Protein chains: 2
Amino acid sequence: MIKKSKKHIIIEEAARLFREKGYSATTMRDLAAQVGMEAASLYNHIKSKEEILNEICFSLARTYSSKMQEVYYSDYTPISKIKKLIALHIQINSMSSPLATVMNDEWKHLTEPCKTEFLDMRKKYEYQFIDIIQQGIDKGEIKNMNPRIALYTLLSSVRWLQHWYHANQEHNVNDIKKNIMELFLSGMIENQYEWKN
Amino acid sequence: MIKKSKKHIIIEEAARLFREKGYSATTMRDLAAQVGMEAASLYNHIKSKEEILNEICFSLARTYSSKMQEVYYSDYTPISKIKKLIALHIQINSMSSPLATVMNDEWKHLTEPCKTEFLDMRKKYEYQFIDIIQQGIDKGEIKNMNPRIALYTLLSSVRWLQHWYHANQEHNVNDIKKNIMELFLSGMIENQYEWKN
DNA sequence: CCTACCGATCGGTAGG
DNA sequence: CCTACCGATCGGTAGG
């Protein structure tokens, strides 16, 4: 991105407002004020409020998808693939960028046919992720667990990082990554402690 | 709850709509249609749209808080306390009730002074939960990890259950509870498998 | 619980 | 990029 077009700036500021107030509660006049122009002038750069949401959701969805293709067809072991994907999610969710929050929380305001297209992309991503987990189970690297439950729990678990961007001073991303990875891969229990009842 | 007052019904239907379309995008006319009356008639039972959101958020917040007091001051070990609290979160998030989703996703539309009051309740809850984890670490039951990171990851990880209420046929709640508990307590890696690099 | 209606504000357009 | 403005719809009220 060599030069930030006005459109680009508008979308960035919109993402910030959508994260803060939600898509529906954000008005074009809010956005115009943020960018420093009148509401009517926004329409010289964007077609509609809806278009902005589309651009946000799909740009990030494409990032996830292309990274998935790269990992899925690589030669790493299933565990290594999973680690790479978790790292990707942590990275994206802990960036100060509001894009992740908006995609995760506001996609339901997409309208057809974009909504279906978006959900299809997500479904494919999840399908490939589940397949990697299943391969890990088949190879004996991963415990025999329900791969869908494991996936949803994994993806869900790193979402809180979205809301933590303001406190990134306390721990850096690598610290957090290490903690979460350890938690998922080998659990929180000390090995010598007997907990099952 | 012996008899469902009209107010109770209105709040329940509102929660369903808020979950589906979001608080801001849900209109009082949508809600009126759902309940089977005119928009103006709603105001014989509730004071404002805002009041509905308040009731939803605080009723569930009180449920969490009172359960926390019960667990926090009990004689169980830290690990057992954590298991009880995770079970509570799984239970609430996997109920078909829309209350959990609304509280989690729409609290930002609360207005002052309710918003601050709500966040204070949440802060206290988190503080007590972190304290339990820290006690587990001090006792050597739990690995030495950052308790705040562990907590947020834990609480975040069960949220996907909210969106899964429609597919509850495939696995029952106990199945899911077992899977998630195992994942958190001892991880997804087979013990004999060497993964650290 | 309804009809009738309010002031405000919404996303967006016309025309320059 | 602005002024001026649009039809629609919002949360809510008056009065019965």
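Within every chain, numbering begins at 1; the chains are lettered A, B, ... in the order of the sequence lines, protein sequences first and strands thereafter. No experiment lies behind these values; they were computed from the predicted model shown.
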Checklist entry - How long is the line joining OH of Tyr43(B) and P of dG11(D), in whole Å? => result 6 Å
Checklist entry - Is the distance between the ring centroids of Phe184(A) and Phe184(B) under 6.0 Å? => result yes
Checklist entry - Taking the six-membered ring of Trp107(B) as reference, does the NZ or CZ atom of Arg122(B) fall below 6.0 Å from its centre and within a 45° cone about the axis? => result yes
Next on the checklist: Any base atoms under 4.0 Å from Ser24(B), or only sugar-phosphate, or nothing? Heavy atoms, all strands.
Outcome noted: nothing
Next on the checklist: Could you tell me how far apart Asp30(A) (CG) and dG12(C) (P) are, to the nearest whole angstrom?
Outcome noted: 14 Å
Checklist entry - Taking atom P of dC10(C) as reference, at what distance in whole Å does atom NZ of Lys49(A) sit? => result 9 Å
Could you go over nucleotides 2-6 of chain C and give all protein N or O partners under 3.5 Å, atom names and distances?
| residue | atom | partner | partner atom | Å |
| --- | --- | --- | --- | --- |
| dC2(C) | OP2 | Glu38(B) | N | 2.7 |
| dC2(C) | OP2 | Ser41(B) | OG | 2.6 |

Item to check | Near-ring test Tyr125(B)/His89(B), centroid separation under 6.0 angstrom | outcome: yes
Item to check | Among dC1(C), dG11(C), dG11(D), the one nearest Thr27(B) by side-chain distance | outcome: dG11(D)
Next on the checklist: Pairing check on dA14(D): which nucleotide meets the Watson-Crick or G-U wobble criteria with it, both distances under 3.5 Å?
Outcome noted: dT3(C)
Item to check | Nearest-Å distance for atom pair CD1/P, residues Ile52(B) and dC10(D) | outcome: 15 Å
Checklist entry - For Lys6(B) and dC1(C), what is the distance between atoms NZ and C1' respectively, to the nearest whole Å? => result 10 Å
Checklist entry - Whole-Å distance between dC1(D) P and Met28(A) CE? => result 14 Å
Checklist entry - Between Ser41(A) and His45(A), which heavy-atom pair has the shortest distance, and what is it? => result O-ND1, 3.7 Å
Next on the checklist: Quick one, Ser65(B) and Met68(B) - any side-chain contact, counting heavy atoms below 4.5 Å?
Outcome noted: no
Next on the checklist: What is the separation between atom CD on Glu50(A) and atom P on dG12(C), rounded to the nearest whole Å?
Outcome noted: 8 Å
Item to check | Atom-to-atom span, CD1 of Ile9(B) to C1' of dC1(C) - whole angstrom | outcome: 15 Å
Checklist entry - Between Tyr23(B) and Lys108(B), is there a cation-pi geometry (under 6.0 Å to ring centre, at most 45° from the normal)? => result no
Checklist entry - Just wondering, do Lys143(A) and Ile137(A) contact through their side chains at under 4.5 Å, heavy atoms? => result no
